[in-house]
2 protein chains.
Amino acid sequence: MIDARLVTLRVFARCGTIGATAELTGYSPSAVSAQLRELQRVLGMQLLVKDGRGVRLTATGRFLVAGSDPLIAQWESLRAAAMEAGDQVQHHFGLGGFSTAAAQLLAPLAATLRTTRPLLEVQVLEADPARCFDLLIAERIDLAVIVAMQSDTYGEDDPRFEQTVLLDDPLDVIIPGDHRLASRETATLEELASEPWITEAAGSTYHSLFTAAFTAVGVTPRIAHEAVEWETQIAFVGAGLGVGLLPRLAPLHRAENVVRLRITGKAKPTRRIVAAVRRGSIASPLIQESLRILQVNANRILTARPDEDL
Amino acid sequence: MIDARLVTLRVFARCGTIGATAELTGYSPSAVSAQLRELQRVLGMQLLVKDGRGVRLTATGRFLVAGSDPLIAQWESLRAAAMEAGDQVQHHFGLGGFSTAAAQLLAPLAATLRTTRPLLEVQVLEADPARCFDLLIAERIDLAVIVAMQSDTYGEDDPRFEQTVLLDDPLDVIIPGDHRLASRETATLEELASEPWITEAAGSTYHSLFTAAFTAVGVTPRIAHEAVEWETQIAFVGAGLGVGLLPRLAPLHRAENVVRLRITGKAKPTRRIVAAVRRGSIASPLIQESLRILQVNANRILTARPDEDL
DNA sequence: TCGATCATGCACCTATTCTGCATGGTTATC
DNA sequence: GATAACCATGCAGAATAGGTGCATGATCGA
């Protein structure tokens, strides 16, 4: 119910360029430009100034964007309360999440919702955690499942979001089937310190998880290979190229020559998976139901996994 | 920045019928109907139900309207703060007021603003106090000058408005030039209790002022004639038909055979004139400036009047 | 200097949204 | 109980807001 042009301005405040805003909102750059020009005309405020080959927000623009946070939150809160009070049905619901979450958590959620709310049109978008937040601001999605990252630009107390912990996903180690520890069920990171490790490229979302796990026990692993997808990493391990960390939520399927070991020892690395929504919308019955379903599914997967894989 | 359809819903919540909403917002009935239907579709809420030959709000609808009050207020507040912080210029400004106010206060205000803010497009609407509030809700006007009425449906603490006292306009008495008291400068209501009085029709906006003035001193006046406009009332008095109450703000011009006397005694009847704005917008520099101008003008008229008329 | 990047204006098109009129259902009046 | 008045709504047509795609100009890095 908040004017789309104000939402566009908020997205721009995140992106900094018209082009990126267009990409994120789904408009063309011309449309974004026209929208922001129109917004300035209607409000009688100069919100943008030219800056080099781009544009940037004026002080007034930044003020307006910052001040719009509680406005958005209040609207979300009002809508959620009205939906709850009136027992009404939503007809579109956007979900976002990173790859593992999208496959393991969001897909089942979407399937469940399809049966419990047949009239609801669910859309799932796979996206980076960072992009998920942007999509929330852009109102392209209503709920995001992401890995908590303190290195993120979005703190837990960001006025635009509310975050709830879904689960702490333990990191297991995967090793080749012919590895010296392959018959074990658990291992410590210290035992594996000298192994050739497979991880993601530095700077990626999950690389920091990797390093955090090892700094906790005070060893520096040797990074031998890099993979983007879990599938690739599993294949690398299966080929005997090294060992890797795999979240328990990520399925091993029945990969050839790969064994999953639980990590024991003083540091049990986990990744915290949280659900994020626009502030105010958490009370919405649809979101409440989704969070319940997500938590149930997460726990089910977590407890089922050992029997399936180990 | 709040969706126009939500504003329309709020107006409907006031009016109760689609037709009245259309009249007040300036749309056609079909447009209002379509807007509200669209609003329900977008929100996925049933807001209206058929009720006889009309429609009425559902519980959800009432909930949404009530909850939208702080939302509107917050937006107004944000816009006002941004305008102030950024020293920006508005380009449209709607004023509303009852007849005397429109002529004596709003016209000079509009004239002043035309010189101080040449780019500003000022629109003045003459309307009942009650209609002024409706016009504020409908966002047709931004500031209204009205006579405070405790009998009104809009209390001083209405979450939709903020009201500031502009002045307490004393009520004078006007009598024929050949009246026995015509040479006096002051009179008491008790002295005039037995006179034939001229006032507005019972139930009208100013009639309650009239009765309130007399109940304060404990006498019941004899109502001989009724007039709608001050001009008419003055003419009646000039014709010797009776006496009447005239706010000091209302000009006597140089009416034939009419004398204005100040009222003295234990009860000095006044009508309280207040400015009303949408809650949150009071901090806007344009509104602040307007209130200043209104107050200066009001005081100027009030002090100048005796020399001009008496 | 050249290419890349970014915003913006313009022509054109699409889709929303408004108006005016006709319709159907509901209430009041005679 | 018939008729008139009233109210909301649907539809066809028209206006308009708002979109896209391309060309342009301006700026920055190589």
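Throughout, protein chains are lettered first and strands after them, A, B, ... in sequence-line order, and every chain is numbered starting at 1.
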### Message
Suppose we screen for salt bridge (Lys or Arg N to Asp or Glu O under 4.0 Å). Which residues come up paired with B:Glu289, at least two apart in sequence or across chains?
### Response
B:Arg117
### Summary
From CG of B:Leu57 across to C1' of D:dA8 the rounded distance in Å is 15 Å
### Option among A:Glu84, A:Met83, A:Gln90 that satisfies the side-chain contact (heavy atoms from CB on, under 4.5 Å) test with A:Leu286
A:Gln90
### Query
In whole angstroms, how far is the C1' atom of D:dC7 from the CZ atom of B:Arg53?
7 Å
For nucleotides 15-18 of chain C, print each protein N/O atom paired with a nucleotide N/O atom at under 3.5 Å, atom names and distance only.
{"residue": "C:dC18", "atom": "OP1", "partner": "B:Gln35", "partner atom": "NE2", "Å": "2.8"}

### Task
Would you kindly give the CZ-to-C1' distance between A:Arg41 and C:dG9, to the nearest whole Å?
17 Å
### Task
Would you mind listing every salt bridge (Lys or Arg N to Asp or Glu O under 4.0 Å) that reaches into residues 61-83 of chain A, with sequence neighbours excluded?
A:Arg10-A:Asp69, A:Glu76-A:Arg79, A:Glu76-A:Arg278
## Note on the structure
In short, salt bridge (Lys or Arg N to Asp or Glu O under 4.0 Å) pairs touching residues 25-37 of chain A with sequence neighbours left out are none
### Task
Identify, with sequence neighbours excluded, every residue that meets salt bridge (Lys or Arg N to Asp or Glu O under 4.0 Å) alongside A:Glu38.
A:Arg41
### Task
Hey, could you give me each pair passing side chain to side chain donor-acceptor pair (under 3.5 Å) that has a residue in residues 16-30 of chain B? Not counting sequence neighbours.
B:Glu23-B:Arg131
In a table with atom names and distances, give each donor-acceptor pair under 3.5 Å that connects a side chain of residues 46-55 of chain B to protein atoms at least two apart or in another chain.
{"residue": "B:Gln46", "atom": "NE2", "partner": "B:Leu48", "partner atom": "O", "Å": "3.4"}

### Message
Tell me the interatomic distance from A:Leu39, atom CG, to D:dG18, atom P, rounded to whole angstroms.
### Response
11 Å
## Note on the structure
Reading nucleotides 9-14 of chain D from 5' to 3' and marking B where a protein heavy atom lies under 4.0 Å of the base, S where only the sugar-phosphate is that close, and - otherwise, the string is BB----
#### Entry: Test side-chain hydrogen bond (donor to acceptor under 3.5 Å, both in side chains) applied to A:Arg5 - qualifying residues, sequence neighbours left out
A:Asp3
### Query
Given atom CD of A:Gln40 and atom P of C:dA7, what is their separation to the nearest angstrom?
14 Å
### Query
Between B:Asp51 (CG) and C:dG25 (C1'), how many Å, whole number?
13 Å
### Task
Check the distance between C:dA7's P and A:Glu23's CD and give it to me in whole angstrom.
13 Å
